[in-house]
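So that the names make sense, note that chain A is the first sequence line, chain B the second, and so on, each numbered from 1.
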Amino acid sequence: MKRKYFYPSAIAVLTIGFWLFNNFYTPASYSDTNQKPVKNNVNDQYMPSATHGEIVAHNYFTLSYSEPHEQAEWVAYWLKREHLTYEDRKRPYFIEDPKVKTKSADWKNYRGSGYDRGHLCPAGDRRFSLQAYNETFYTSNISPQDRAFNAGIWNRLEQKTRSWCKKYGDLFIVTGGVLENGLAEIGEEDVDVPKMFYKIILRKKGDRFTALAFLMPNKERKEAFQSFIVPIDKVEQVTGIDFFKSMPKEVQDQLEANTFVDDWNF
DNA sequence: CTGCTATGC
DNA sequence: GCATAGCAG
């Protein structure tokens with residue numbers, strides 16, 4: 001090889017080798033391809049509407065992805081008693097959701113933004129299996145959250161939710177940021193930064209349903225959780241999402257117009 | 001628990 | 001780029 005070609009060739013080999021190396025070690029998906037895909041782990045009866053989203057069902061949660069906002073408008077899943085395990089798992093890397101056709105945002109949009117990659121379906125709720133845990137690290141399950149909010153009241157609410165699950169049993173949870181026009185954006189892909197986040201928790205109580213809906217600003221607050229409780233109607237009003245649309249109308253109306261603070265131990 | 005960043009390969 | 005360790009709220 002002539003000397004003048006040595007360095008360009010070496011650089012090319014190293015570049016291609018590096019690319020192969022990275023692609024070999026970075027999984028494209030956290031799904032178990034040997035397992036039959038779960039059509040939908042979430043009962044359709046409880047599924048919200050998609051206002052401008054593409055609904056994607058993973059094995060352990062379902063979401064509606066809003067491409068213009070580069071994040072999910074809602075993430076829905078069951079939290080069951082048997083999910084409440086505390087295996088020590090290693091956090092994997094955030095990767096694009098292979099099931100979102102338009103590609104979910106790259107995690108690098110968040111780097112140096114000042115905002116956390118805040119889980120919508122919490123990793124702490126999906127520790128019962130490796131796949132369940134890893135699935136929560138798809139960037140379709142991530143939203144820009146204020147650091148103190150994510151580690152603060154949002155985290156405390158997630159922990160409280162786990163304690164409710166332990167006490168009351170299975171919970172159906174829908175959560176997300178309030179996506180609207182004119183939000184601040186981060187990264188090359190313009191990931192929107194929600195000003196508000198909501199979380200709706202539903203369970204059966206005897207032969208009826210009871211639910212809690214929280215609407216809170218994307219910043220740390222020291223008030224009690226009760227300060228942020230709203231009727232589900234309020235969350236529908238600000239998000240445009242129709243929750244529990246497949247339930248009988250009377251049930252839905254009654255469920256969404258009220259709060260049920262007394263059904264839940266704070 | 002919720003995460004980020006620095007450092008080495 | 002990944003892996004690990006350390007740190008912070």
> Do S104(A) and S140(A) get their side chains close enough for a donor-acceptor pair, meaning under 3.5 Å?
Replying inline: no
> When you check the side-chain N and O atoms of Q131(A) and S129(A), is any donor under 3.5 Å from an acceptor?
Replying inline: no
Check this one for me: any side-chain N or O of [X] less than 4.0 Å away from OP1 or OP2 of [N]?
X: N150(A); N: dT2(B); value: no
X: Y93(A); N: dG1(C); value: no
X: K90(A); N: dA3(C); value: no
X: H119(A); N: dG3(B); value: yes

>> Go nucleotide by nucleotide along DNA chain B from the 5' end; which of D88(A) and R117(A) gets its closest nucleotide reached first?
In response: D88(A)
Report the distance from atom [atom1] of [X] to atom [atom2] of [N], rounded to the nearest whole Å.
X: N155(A); N: dG3(B); atom1: CG; atom2: C1'; answer: 9 Å
X: Q145(A); N: dC4(B); atom1: CD; atom2: P; answer: 11 Å
X: E220(A); N: dG3(B); atom1: CD; atom2: P; answer: 14 Å
X: I153(A); N: dG9(C); atom1: CD1; atom2: P; answer: 18 Å
X: I142(A); N: dT2(B); atom1: CD1; atom2: C1'; answer: 12 Å
X: F94(A); N: dA3(C); atom1: CZ; atom2: C1'; answer: 16 Å
X: F149(A); N: dA8(C); atom1: CZ; atom2: C1'; answer: 19 Å
X: N141(A); N: dG3(B); atom1: CG; atom2: P; answer: 9 Å

>> What's E158(A) touching, base or sugar-phosphate or nothing? Going by heavy atoms closer than 4.0 Å.
In response: sugar-phosphate
> Considering heavy-atom distances to DNA chain C, does R111(A) or G152(A) have its closest nucleotide positioned more toward the 5' end?
Replying inline: R111(A)
> Can you tell which of dC2(C), dC4(B), dG1(C) lies closest to the side chain of K108(A)?
Replying inline: dG1(C)
> Between dC4(B), dC2(C), dA8(C), which nucleotide has the shortest distance from any of its atoms to the side chain of R147(A)?
Replying inline: dA8(C)
> What do the steps show when you test H119(A) against F137(A) for ring pair (Phe, Tyr, Trp, His ring centres under 6.0 Å), and what is the final call?
Replying inline: CA-CA 8 Å; H119(A) 279 82; F137(A) 286 80; 4.6 Å; yes
> Passes ring pair (Phe, Tyr, Trp, His ring centres under 6.0 Å), Y168(A) versus W264(A)? Steps please.
Replying inline: CA-CA 9 Å; Y168(A) 301 122; W264(A) 305 74; 5.6 Å; yes
>> So for atom NZ, which belongs to K234(A), do other residues, nucleotides or ligands contribute more than 12 heavy atoms lying within a distance under 6.0 Å?
In response: no
